[in-house]
Structure formats: structure tokens, C-alpha cells
Amino acid sequence: MPRISLIDENATPDIAALAKKIRGARGGQLHVFYKALLHTPALASAWFDYNNAVRFQTGLGDRARELVIMRVAALTGCDYVWKVHETQYAAPAGVTPREVEALRNWRKSGVYGEKESALLAYVDAMTQDVAVPDAVFDGMRKHFSEREILELTVLIGAYNMQTRLLRALDIQPARA
């Protein structure tokens with residue numbers, strides 16, 4: 001049970017319009033996360049726009065994006081993000097069930113090549129330590145352009161924020 005109430009998407013005409021916008025861009029879904037954010041419609045709207053930009057308006061490939069999001073979820077213990085991305089987004093992004101499982105302990109798995117290992121090390125450093133060692137950043141430079149590094153850094157930061165918010169408010173995915 002979330003620590004704050006979930007807002008009825010039809011509570012006011014403004015909230016209903018925003019919920020309709022979000023549903024339209026999310027395949028008809030209004031994730032429970034947005035029902036909490038609707039306490040402050042301006043934040044829900046800004047979050048929606050920012051999240052869309054971070055996920056869909058960059059040059060990042062689907063696979064890299066999902067590896068980042070799911071690794072952040074694994075490190076922060078955010079079952080909400082993990083479950084949603086494991087069930088809805090991983091396979092279409094080309095992340096196999098074996099690779100999904102390996103994300104929890106990727107260093108020992110031997111599943112990921114040099115480029116993805118550099119990316120996952122970067123996710124780990126940003127999420128666990130905040131400060132990124134030069135050696136980890138140098139690993140990123142070997143495989144990613146500056147634009148890609150920036151976009152990956154923003155994605156990692158955004159999902160660190162989202163997973164922490166979900167954990168703090170104890171928001172879980174809706175039951176099917």
C-alpha cells in the first residue's frame with residue numbers, strides 16, 4: 001500500500017485531461033506512479049514530459065536504455081521499475097530473459113561484452129558511489145560518444161530519482 005493516497009484520475013477536469021494525455025502516450029495505461037503524482041498535476045505533467053524526453057527523444061538504442069533502467073532498479077531495490085521493464089520493455093528492446101537475470105550480478109555473469117560492461121560499471125558508479133572514478137569514465141569514452149555519455153548520464157540520474165521516489169513512497173505496480 002502506498003504511503004500516500006492515489007488520486008482519482010477523474011477528480012477534476014484538469015486532472016482528467018492530464019490522465020488522458022498520459023494514457024494516450026502509454027498504450028492506454030495510467031501507471032499507479034502517476035496516480036500518486038497527480039497530487040500535484042504540474043509535477044505529474046512535468047515528470048511525464050521529462051520522462052518521455054529522457055527515454056524516447058535521445059539517440060540511445062532501446063537495448064542500452066533498458067539495461068540502464070533495469071540495472072538502476074536492481075541496485076536501488078525498486079521492484080516497481082524492475083517488474084514493469086522486465087515484463088513490458090526488455091524483450092522488445094532485445095534483452096533476453098537470461099540477460100535480464102544476469103543484470104542483478106552482471107560482473108560474475110559473463111553475459112555482457114566490453115561495451116555493455118563499461119555501461120553497467122558506469123551505472124553502478126553513478127548509482128552506488130555517485131562519484132564516477134576516472135577509470136570507469138574512461139571505459140565509457142572507449143565505447144560511447146560524448147552525446148551518448150551525456151544522454152546515458154541523464155537517463156541514469158532520472159531513474160535514480162524515479163526509483164528512489166517509488167521506494168520512499170512505497171509505490172508498487174498495480175496488480176493485474
Side-chain angles (χ1 to χ4, degrees), residues 1-12 14-58 60 62-90 92-93 95 100-101 103-106 119-132 136 148-176:
M1 184 108 184
R3 291 178 168 160
I4 63 172
S5 61
L6 303 178
I7 300 300
D8 181 337
E9 66 184 271
N10 296 305
T12 69
D14 289 343
I15 289 175
L18 177 56
K20 182 178 178 182
K21 174 185 169 185
I22 294 168
R23 279 185 181 281
R26 292 284 187 259
Q29 294 181 337
L30 182 66
H31 289 292
V32 66
F33 175 61
Y34 282 103
K35 291 179 182 181
L37 284 176
L38 287 173
H39 275 277
T40 305
L43 287 178
S45 181
W47 193 288
F48 173 75
D49 291 339
Y50 179 69
N51 190 275
N52 279 345
V54 167
R55 285 184 60 202
F56 306 119
Q57 297 172 15
T58 68
L60 299 176
D62 294 345
R63 181 178 170 83
R65 183 183 63 242
E66 289 308 310
L67 291 175
V68 164
I69 292 169
M70 293 189 72
R71 183 60 183 162
V72 169
L75 290 171
T76 59
C78 186
D79 291 338
Y80 182 114
V81 170
W82 181 270
K83 288 176 185 173
V84 168
H85 285 265
E86 177 184 32
T87 60
Q88 295 179 25
Y89 301 111
V95 182
V100 167
E101 185 57 35
L103 276 171
R104 294 194 188 272
N105 196 1
W106 68 269
L119 174 59
L120 294 170
Y122 190 58
V123 173
D124 288 4
M126 280 188 64
T127 303
Q128 294 175 310
D129 305 323
V130 182
V132 176
V136 172
E148 290 170 321
I149 292 171
L150 171 72
E151 291 175 350
L152 289 163
T153 303
V154 171
L155 178 65
I156 296 163
Y159 271 84
N160 267 282
M161 180 173 62
Q162 182 165 333
T163 58
R164 284 165 167 75
L165 188 140
L166 289 163
R167 293 285 317 269
L169 297 177
D170 198 21
I171 297 172
Q172 300 297 322
R175 308 252 187 262

* To do: Report the residues that fulfil side chain to side chain contact (heavy atoms under 4.5 Å, CB included) with Arg63, sequence neighbours left out, ordered by chain and then residue number.
  => Leu67, Val95, Glu99, Tyr112, Glu116

* Which residues pass the salt bridge (charged side-chain N to carboxylate O under 4.0 Å, His left out) test with Asp62, sequence neighbours left out? -> Arg65

* Structure fact -> The salt bridge (charged side-chain N to carboxylate O under 4.0 Å, His left out) partners of Asp49 (sequence neighbours excluded) come to Lys21

* To do: Tell me, with the steps shown, if Trp47 and Met161 meet side-chain contact (heavy atoms from CB on, under 4.5 Å).
  => CA-CA 11 Å; Trp47 193 288; Met161 180 173 62; 3.8 Å; yes

* To do: Walk me through it: do Thr76 and Trp82 pass the test side-chain contact (heavy atoms from CB on, under 4.5 Å)?
  => CA-CA 10 Å; Thr76 59; Trp82 181 270; over 6 Å; no

For residues 150-159, please give each side-chain donor-acceptor pair under 3.5 Å, one per line with the distance, not counting sequence neighbours.
residue : atom : partner : partner atom : Å
Glu151  : OE1  : Gly59   : N            : 3.0
Glu151  : OE2  : Arg147  : NE           : 2.7
Glu151  : OE2  : Arg147  : NH2          : 3.2
Thr153  : OG1  : Tyr122  : OH           : 2.6
Thr153  : OG1  : Ile149  : O            : 2.6
Tyr159  : OH   : Asn51   : ND2          : 3.4

* How many angstroms lie between CD in Glu148 and CG in Leu119, if you round to the nearest 0.5 Å? -> 10.0 Å

* Pairwise distance CZ(Arg164) to SG(Cys78) - rounded to 0.5 angstrom -> 10.0 Å

* Asn10: what forms a side chain to side chain contact (heavy atoms under 4.5 Å, CB included) with it, not counting sequence neighbours? -> Asp8, Ala16

* Can you pull the salt bridge (Lys or Arg N to Asp or Glu O under 4.0 Å) pairs that have at least one residue in residues 67-81, sequence neighbours excluded? -> Arg71-Asp124

* List the steps and the verdict of side-chain contact (heavy atoms from CB on, under 4.5 Å) for Val81 and Val72. => CA-CA 9 Å; Val81 170; Val72 169; over 6 Å; no

* Among all residues two or more places apart in sequence or in another chain, which pass the ring-ring contact (aromatic ring centres under 6.0 Å, His included) test with Trp106? -> none

* To do: Determine the minimum heavy-atom distance between Ala90 and Val100, stating which atoms define it.
  => CB-CG2, 3.8 Å

* Any residue meeting salt bridge (charged side-chain N to carboxylate O under 4.0 Å, His left out) with Arg23, in chain and number order, not counting sequence neighbours -> Glu9

* Could you state the interatomic distance from CG (Asn160) to OG1 (Thr127), rounded to the nearest 0.5 Å? -> 3.5 Å

* Structure fact -> Between the CD1 atom in Ile69 and the OG1 atom in Thr163, the distance rounded to the nearest 0.5 Å is 10.5 Å

* Structure fact -> Taken in chain and number order and not counting sequence neighbours, the residues that satisfy side chain to side chain donor-acceptor pair (under 3.5 Å) with Gln29 are His31

* Structure fact -> Closest heavy-atom pair, Ile171 versus Pro2, reported as atoms and distance to 0.1 Å, is CG1-CB, 4.2 Å

* side chain to side chain contact (heavy atoms under 4.5 Å, CB included) against Leu43, all qualifying residues, sequence neighbours excluded -> Thr40

* Shortest non-hydrogen contact from Leu18 to Pro41? -> CD2-O, 3.5 Å

* To do: Under the ring-ring contact (aromatic ring centres under 6.0 Å, His included) rule, collect the residues that match up with Tyr89, sequence neighbours excluded.
  => His85

* To do: Kindly give the heavy-atom pair with the smallest separation between Val32 and Tyr80, and that separation in Å.
  => CG1-CE1, 3.3 Å

* To do: Just jot down the side chain to side chain contact (heavy atoms under 4.5 Å, CB included) partners of Asp170, sequence neighbours excluded, or say none.
  => Arg3, Gln172

* Structure fact -> Correct closest heavy-atom pair for Ile15 and Thr12 would be N-OG1, 3.1 Å

* Euclidean distance, Ser45 OG relative to Leu37 CG, rounded to 0.5 Å -> 10.5 Å

* Closest heavy-atom contact between Glu66 and Ala93? -> CG-CB, 3.5 Å

